[in-house]
Amino acid sequence: MTTQSAVVSSLEPVDGRAVIHAGDYINKLSGEQIEHECKRKLDEGCTELILNFADTEIVNSIGISILLGVIDTASNKGAKVVFSDMNETTVELFEMLGLTKHVTLA
Amino acid sequence: MAEHDHKLIHAFGALAELGQEITNKNNFQETIRTSLHLISGALGIMRGAVARFSRFGHELNMLAIRGLGDDFPLSLSLTLEDERQFLSCGLTPIDIQQAKVLPFFQVYDASFERRGLELFVPLVVRDEIVGAIFLGEKATGEAYTNYEKEIVCAMGQHIGVAIAQRNLMAEIERHADENRQLFDEMRSTYHDTVKAFAAAIDCKDKYTEGHSVRVGKFSEIIAMELGWGKDEVEGAAVAGYLHDVGKLTVERKIINAPYRINAKESKELNGHPGVGYEILQPIHHPYTDVPLAAKYHHERLDGRGYPDGLYDREIPYIAKIVTLADSFDAMTTDRPYKARRPAKEVVEDLQRNAGKQFAPELVTAFLGGMLKELQGEDRTKRFRRLLGRDYMEAEGIVDTLKYTLNEMAPTTPMTYVAAAGQVIL
Ligand SMILES: [Fe+2]
Ligand SMILES: [Fe+2]
């Protein structure tokens, strides 16, 4: 776990869709940034959260927990969550822990 | 790799991180919040909470909570039966269906059910309830397996220990507080006792009524002027209050004698420093050498004092302070065979005897304090209260003080400090 870069970038929502780019390592710090960003988009009325994991190499347990929280919050607000561009390891991890059951994969 | 192994590795990673989190000295609340994340993330659990047990309130208070909604109760009261059951189960995850027999569950059942709670883990550490963990459904929708329950158990143990540690710390802090209070009480008791003694000593000598109390206050002023700390200043005051305690054993008629006493009487009177030392020595004093102050308050820097004829550096510093305070009071109050002397004369006397009878820097400090008060720089009226307004505001006293202090400065540097604790008795 060498890198700590946790850049979260998001585009402005178009048609209720917002794209959020997760960084390379999703831990507590970067996870909370993602969470914060997602909550902000949902509050702005976003109905579809697209989390892009193209850069993501590692997700630790705290990261998983935070992502589960994002999924739960979105579903309480009736918003859809899309996970996109995951690498194989991330897909396996998310499948194993059941995250993929609650999101659309893209 | 088989999925089971994969899961295990992931969970162990979380367990290791939890261990680290707990040993880090982070904010306790934050540690618990992170712990809940780690359990949830290890097994993919949607929601849950960690609570701390309050043994005074008999309740579980939520420390961290996620995904349980705003209406989830933040505090759950327990019955003694609940507590008994927790203790008998120990730290084991209980399926919610089984936990329903617990009395407190029946009260909160609706909340628990609405939130889909599945596991309840009482946190029992060293046979004491410290808290509980509530866990909701897994994201996979599957039931908790036995190995997952074991992981919950292991992580629960870490969290339980973290809470127990925190409780212990709080307990220690509380004890420290109690100790401080107790100490303050003892200190005030000690002070009352000291003052009672001072009053008893002063009673014996009707001509010098209030002498001990005044010597205590003058000693206090000197210590303050030296810039001593609060405790040291108090110590100096106590030494002053008690310096003549040995007079309790001297015949009243000798102390009160309105004439020059004879040799035998003089011997008895001059024994009072030694007797004072004997009286004070067995008592544990929280401050400086109170007994030594009593023993040596009639010593002089030039070695012509009594009882031991010590020289300058051999005399404990605290005794030098009391000596100055004692002589100053003797000069400024009426005695059976001597009226009090005018302030101006007293100041001159102190200067003349600085280096012979008194430590010069103590004289400077003391007179400096007096000048500050007369010039309005010090508004506490310490001197005026002890000596009376008229006496303090005598004609020319400010000039005398200024002149004297000017003449005395610069005094020799302090060479006495080391002597205070190193006197050969
Ligand atoms: Fe004396
Ligand atoms: Fe005295």
Side-chain angles (χ1 to χ4, degrees), chain A residues 1-2 4 6 22 25-36 38-39 42-43 51 53 56-79 81-83 86-105, chain B residues 1-21 24 26 30-50 64-71 114-116 135-145 148 151-152 155:
Chain A
M1 315 221 167
T2 48
Q4 275 284 337
Y25 178 32
I26 306 179
N27 57 5
K28 188 172 180 191
L29 188 72
S30 55
E32 277 171 353
Q33 286 171 355
I34 295 171
E35 184 184 35
H36 180 82
C38 290
K39 281 199 173 133
L42 290 169
D43 288 342
L51 269 84
F53 294 99
T56 305
E57 306 271 337
I58 301 164
V59 184
N60 78 359
S61 286
I62 302 179
I64 297 283
S65 174
I66 292 172
L67 290 175
L68 284 169
V70 168
I71 293 169
D72 197 46
T73 310
S75 101
N76 285 339
K77 297 204 172 195
V81 180
V82 179
F83 280 7
M86 293 175 281
N87 68 22
E88 206 180 316
T89 329
T90 308
V91 175
E92 268 178 33
L93 182 69
F94 286 180
E95 264 176 4
M96 178 180 87
L97 294 168
L99 279 76
T100 46
K101 286 203 166 168
H102 302 265
V103 300
T104 309
L105 303 181
Chain B
M1 199 188 299
E3 189 179 274
H4 177 266
D5 295 343
H6 205 151
K7 274 185 177 172
L8 211 59
I9 288 165
H10 174 74
F12 275 120
L15 189 58
E17 247 184 277
L18 179 61
Q20 247 174 31
E21 175 67 31
N24 279 346
N26 289 336
E30 196 53 33
T31 296
I32 299 299
R33 244 170 54 85
T34 305
S35 307
L36 180 58
H37 271 315
L38 283 167
I39 293 199
S40 307
L43 304 175
I45 300 164
M46 292 301 290
R47 58 199 90 252
V50 176
I65 195 161
R66 56 178 290 274
L68 290 173
D70 296 336
D71 55 350
R114 188 162 58 246
R115 292 300 160 190
L135 296 174
E137 79 277 17
K138 282 164 53 186
T140 56
E142 294 158 6
Y144 285 85
T145 64
E148 283 171 332
I151 287 180
V152 166
M155 296 182 105

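In what follows, chains are A, B, ... by sequence order, proteins preceding strands, each numbered from 1. Keep in mind that the numbers below use all heavy atoms, side chains included, and drop hydrogens, waters and symmetry copies. Not measured: the values here are computed from a predicted model.
The two residues A:Ser65 and B:Ser40 come nearest to each other via the heavy atoms OG-CB, 3.6 Å. In this structure, B:Thr140 and A:Lys101 approach most closely via the heavy-atom pair O-NZ, 2.8 Å. The two residues A:Leu97 and B:Ala139 have their closest heavy-atom pair at O-CB, 3.3 Å.
Heavy atoms closer than 4.5 Å to chain A are found nowhere in B:Leu18, neither backbone nor side chain. Contacts between A:Ile62 and chain B at a heavy-atom distance below 4.5 Å involve backbone atoms as well as side-chain atoms. For chain B, the nearby part of A:Leu93 is the side chain; its heavy atoms alone come within less than 4.5 Å. B:Lys138 does not touch chain A: none of its heavy atoms, backbone or side chain, sits under 4.5 Å away. Proximity to chain A is limited to the backbone of B:Leu43, based on heavy atoms less than 4.5 angstrom apart.
Looking at A:Leu68 and B:Arg66, their side chains come closer than 4.5 Å, going by heavy atoms from C-beta outward.
A salt bridge links B:Arg33 to A:Glu32: at least one charged side-chain nitrogen sits closer than 4.0 Å to a carboxylate oxygen. Using a cutoff of 4.0 Å between basic side-chain nitrogens and carboxylate oxygens, B:Glu21 and A:Lys28 are not scored as salt-bridged.
Partners of A:Lys39 under the salt bridge (Lys or Arg N to Asp or Glu O under 4.0 Å) rule, at least two apart in sequence or in another chain, are A:Glu35. By the salt bridge (Lys or Arg N to Asp or Glu O under 4.0 Å) test, B:Asp70 is found to be paired with no residue, residues two or more places apart in sequence or in another chain being considered.
Put simply, CG on A:Asn60 and NE2 on B:His37 are 10.5 Å apart, with the number rounded to the nearest 0.5 Å.
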